[in-house]
Amino acid sequence: MVWTIAEARAIHDLPLLELLHRAQTVHREHHPPDAVQLCTLLSIKTGACPEDCAYCPQSGRNDAKVEPERLLPVDEVLTKARAAKDSGATRFCMGAAWRDAREGEQFERVLEMVRGVRDLGMEACCTLGMLTDEQAVRLKDAGLTAYNHNLDTSKEFYGSIITTRTYEERLATIARVAGAGIHVCSGGIIGMGETLGDRLGMLVTLANLDPQPESVPVNALVAVEGTPLEGRPPVDPFELVRMCAVARILLPGSMVRLSAGRSELSREAQALCFLAGANSIFYGDKLLTTGNPDVEADLALLRELGMRALLPEDPKKGVAKGATELPPVAAE
Ligand code: SAM
Ligand code: DTB
Ligand code: SF4
């Protein structure tokens with residue numbers, strides 16, 4: 001079915017409890033009601049990015065205090081992946097502050113990282129900027145589960161946030177990734193000064209992709225000092241809840257990932273996001289360059305809510321569908 005912004009708006013504007021009921025109904029038709037996927041992020045190449053994304057502390061064009069780092073060695077990345085697995089994560093996401101993926105030795109190194117993460121029995125995701133067809137195929141052959149490439153916002157608002165690349169380039173990379181048989185992970189950010197129409201425009205664009213993305217990260221802006229968006233007021237948690245619910249209803253089979261901004265969210269607001277259909281979080285004390293709730297706090301929250309962590313993927317069977325008990329809380 002093709003979604004329109006008017007339809008998305010009608011859903012969004014429902015009374016909150018009605019919206020939550022609908023989202024939860026859709027959620028239970030497609031996903032276990034109590035399972036959350038734990039994904040751990042690592043910045044494998046940090047800062048000095050040539051792009052001018054207004055929200056991003058890693059853009060070389062802003063004054064955020066991020067120490068640039070070259071592409072990490074494979075063993076360092078795999079040590080972090082192993083630690084993430086041991087603490088209960090089933091997906092390891094590697095982010096690089098590049099406009100487009102490097103050729104040559106650096107790309108080979110990324111392929112090696114992907115193979116290493118897959119050998120651990122984890123899902124592997126990476127986000128390296130734009131890709132060529134050949135790079136997409138090589139990532140697929142290395143076993144990459146998913147590629148993250150966010151639309152970030154609507155086509156109309158995009159130019160107010162990023163001027164160094166276009167929405168069309170973003171969509172073309174997403175198509176290339178899907179064409180190579182890699183799952184697409186694509187979502188966006190709220191709280192950048194966009195309108196509700198922009199938020200819904202982004203979700204409708206994602207929902208009308210064929211196939212729909214396997215996962216949709218919903219980020220609340222982390223307003224980092226030194227970026228052009230440093231002064232933005234925090235997102236109202238109910239707006240985030242509504243965004244998760246509309247994403248769940250428009251993209252019923254996708255994982256909805258409650259991503260950046262959780263450090264500022266109360267436990268109650270996070271619980272409402274889960275009720276609205278969010279079924280994945282970034283798990284680990286750091287996102288790429290900014291903070292994330294402590295592992296212990298996240299495990300305590302999930303336990304208190306009676307939620308379970310998704311089982312690790314069986315490498316032969318694709319994406320995990322089952323659920324397991326939460327991993328034990330780390331020793332004091
Ligand atoms: N350079 C690659 C790219 O842009 O596709 C990959 C890394 S980039 C940091 C991945 C995503 O992180 C962005 O698309 C954006 O949605 C999100 N992000 C970056 N900074 C953020 C912030 N301050 N708050 C919320 N989300 C942010
Ligand atoms: C996504 O949508 N959010 C993650 C992941 N994809 C790569 C990144 C969030 C980054 C938040 C800012 C930072 O830590 O630098
Ligand atoms: Fe670079 Fe990605 Fe940050 Fe944009 S979002 S500045 S492309 S790292």
Side-chain angles (χ1 to χ4, degrees), residues 39-62 64-69 71 91-102 110 124-131 146-153 158 161-167 169-174 177 184-194 199 202 206 213 215-232 234-235 240 243 247 254-265 278 280-293:
C39 310
T40 296
L41 262 175
L42 176 68
S43 181
I44 57 170
K45 187 270 162 191
T46 305
C49 182
E51 303 278 40
D52 70 351
C53 312
Y55 51 76
C56 187
Q58 302 200 66
S59 167
R61 305 182 189 220
N62 66 39
K65 291 188 190 69
V66 168
E67 202 53 51
E69 265 184 47
L71 182 64
R91 180 148 158 148
F92 194 67
C93 309
M94 296 166 276
W98 283 328
R99 174 176 166 78
D100 32 34
R102 290 298 108 99
V110 172
C125 179
C126 56
T127 177
L128 315 168
M130 292 183 262
L131 296 177
Y147 194 80
N148 169 250
H149 204 66
N150 288 344
L151 288 181
D152 280 335
T153 189
Y158 198 76
I161 296 296
I162 301 155
T163 68
T164 50
R165 59 165 188 250
T166 64
Y167 212 65
E169 285 175 311
R170 231 40 204 169
L171 287 166
T173 301
I174 288 171
V177 167
V184 170
C185 169
S186 186
I189 308 179
I190 67 171
M192 301 187 294
E194 73 288 338
R199 293 177 188 177
M202 177 188 83
L206 292 169
S215 66
V216 180
V218 176
N219 296 277
L221 176 73
V222 180
V224 180
E225 208 185 311
T227 64
L229 299 184
E230 68 176 355
R232 294 297 320 168
V235 167
L240 190 59
M243 190 71 183
S254 306
M255 302 297 292
V256 173
R257 306 196 191 276
L258 179 58
S259 302
R262 266 192 329 109
S263 294
E264 306 305 316
L265 275 192
S280 171
I281 55 172
F282 283 122
Y283 172 69
D285 303 349
K286 210 169 165 199
L287 292 167
L288 292 174
T289 65
T290 65
N292 196 42

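Quick note: numbers below take in every heavy atom, side chains included, and nothing from hydrogens, waters or symmetry partners. In listed order, ligands and their atoms are each counted from 1. Treat the numbers as computed from the prediction; the structure is a model and nothing was measured.
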Can you list the steps and then say if Gln58 with Thr46 is a side-chain contact (heavy atoms from CB on, under 4.5 Å)? CA-CA 7 Å; Gln58 302 200 66; Thr46 305; 3.6 Å; yes
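Here is the list of ligand 1 atoms found below 4.0 Å of a heavy atom in Trp98: 1 (N). Those atoms of ligand 2 with a heavy atom of Asn148 less than 4.0 angstrom away are 6 (N), 7 (C). When each atom of ligand 2 is checked for a heavy atom of Pro217 under 4.0 Å away, the hits are 2 (O). Atoms of ligand 1 found under 4.0 Å from any heavy atom of Thr127 (numbered from 1 in listed order, with element): 2 (C), 5 (O), 6 (C), 7 (C). Residue Thr289 approaches ligand 2 through these ligand atoms, each under 4.0 Å from one of its heavy atoms: 13 (C), 14 (O), 15 (O). Near Leu288, meaning under 4.0 Å from one of its heavy atoms, ligand 2 places the atoms 8 (C), 13 (C), 14 (O), 15 (O). Here is the list of ligand 1 atoms found below 4.0 Å of a heavy atom in Leu288: 9 (C). The contact set between ligand 2 and Asn150, taken as ligand atoms under 4.0 Å from a residue heavy atom, comprises 1 (C), 2 (O). Heavy-atom contacts of Pro57 reach the following atoms of ligand 2: 15 (O) (cutoff under 4.0 Å).
Separation of atoms CG (Leu131) and NE2 (His149) is listed at 7.5 Å; rounding is to 0.5 Å. Remark: Asn148 CG to Met94 CE distance equals 12.0 Å, nearest 0.5 Å. For the atom pair CG (Leu41) and CG (Leu288), the distance works out to 5.0 Å, reported to the nearest 0.5 Å. The CD1 atom of Ile162 sits 10.0 Å away from atom OH of Tyr167, with the distance rounded to the nearest 0.5 Å.
No donor-acceptor pair closer than 3.5 Å links the side chain of Asp100 to the backbone N or O of Met130. With hydrogens and angles ignored, the 3.5 Å screen pairs a side-chain donor or acceptor of Arg262 with a backbone N or O of Phe282. Asn292 places a side-chain N or O within donor-acceptor distance of the main-chain N or O of Gly284, the cut-off being under 3.5 Å.
Of all protein heavy atoms, the one closest to atom 12 (O) of ligand 1 is Asn150 ND2, 4.5 Å. With hydrogens left out, the protein atom closest to atom 24 (N) of ligand 1 is Val222 N, 3.0 Å, a heavy atom. The protein atom (non-hydrogen) at minimum distance from atom 27 (C) of ligand 1 is Ile189 CD1, 3.7 Å. Closest protein heavy atom to atom 12 (C) of ligand 2: Thr290 OG1, 3.6 Å. Counting only heavy atoms of the protein, atom 10 (C) of ligand 1 lies nearest to Asn148 OD1, 4.1 Å. Regarding atom 5 (S) of ligand 3, its nearest protein heavy-atom neighbour is Tyr55 OH, 3.5 Å. If you check which protein heavy atom lies closest to atom 16 (O) of ligand 1, you get Asp152 OD1, 2.6 Å. The protein non-hydrogen atom at the shortest distance from atom 5 (O) of ligand 1 is Arg170 NH2, 2.7 Å.
Using a 4.0 Å cut-off between heavy atoms, Leu41 contacts ligand 2 through its side chain alone, with no backbone atom that close. By the criterion of a heavy-atom distance under 4.0 Å, the side chain of Arg165, and not its backbone, is placed next to ligand 3. At a 4.0 Å heavy-atom cut-off, ligand 1 does not touch Leu229 at all.
Looking at Gly95, Ala97, Ala96 and measuring to atom 2 (C) of ligand 1, the nearest heavy atom belongs to Ala96.
Among Cys93, Ser259, Cys39, Ser186, the single residue meeting the side chain to side chain contact (heavy atoms under 4.5 Å, CB included) criterion with Pro217 is Ser259.
A 4.5 Å side-chain heavy-atom check between Met202 and Met243 finds at least one atom pair inside the cut-off. At least one side-chain heavy atom of Arg99 sits less than 4.5 Å from a side-chain heavy atom of Glu169. Residues Arg257 and Ser215 have side chains in contact (heavy-atom distance under 4.5 Å, counting atoms from C-beta outward).
Protein N/O/S atoms found under 2.8 Å from atom 4 (Fe) of ligand 3, listed by chain and residue number: Cys53 SG.
In this structure, Val235 and Ala220 approach most closely via the heavy-atom pair CG2-CB, 4.3 Å. Minimum interatomic distance between Pro57 and Asn62 (heavy atoms only, all atoms of both residues): O-OD1, 3.9 Å. When all heavy atoms of Val224 and Glu230 are compared, the closest pair comes out as O-CB, 3.3 Å.
There is a protein heavy atom closer than 4.0 angstrom to atom 1 (Fe) of ligand 3. The presence of a protein heavy atom under 4.0 Å from atom 20 (N) of ligand 1 is confirmed.
A side-chain N or O of Asp152 and one of Tyr55 form a donor-acceptor pair less than 3.5 Å apart. Donor-acceptor pairing under 3.5 Å is recorded for the side chains of Asp52 and Thr163.
Using a 4.0 Å cutoff on heavy atoms, Asn219 counts as a contact of ligand 2. Residue contacts with ligand 2: Phe282 is included, with a non-hydrogen atom under 4.0 Å away.
With respect to Glu51 and Arg165, a salt bridge is recorded, a charged nitrogen being found less than 4.0 Å from a carboxylate O.
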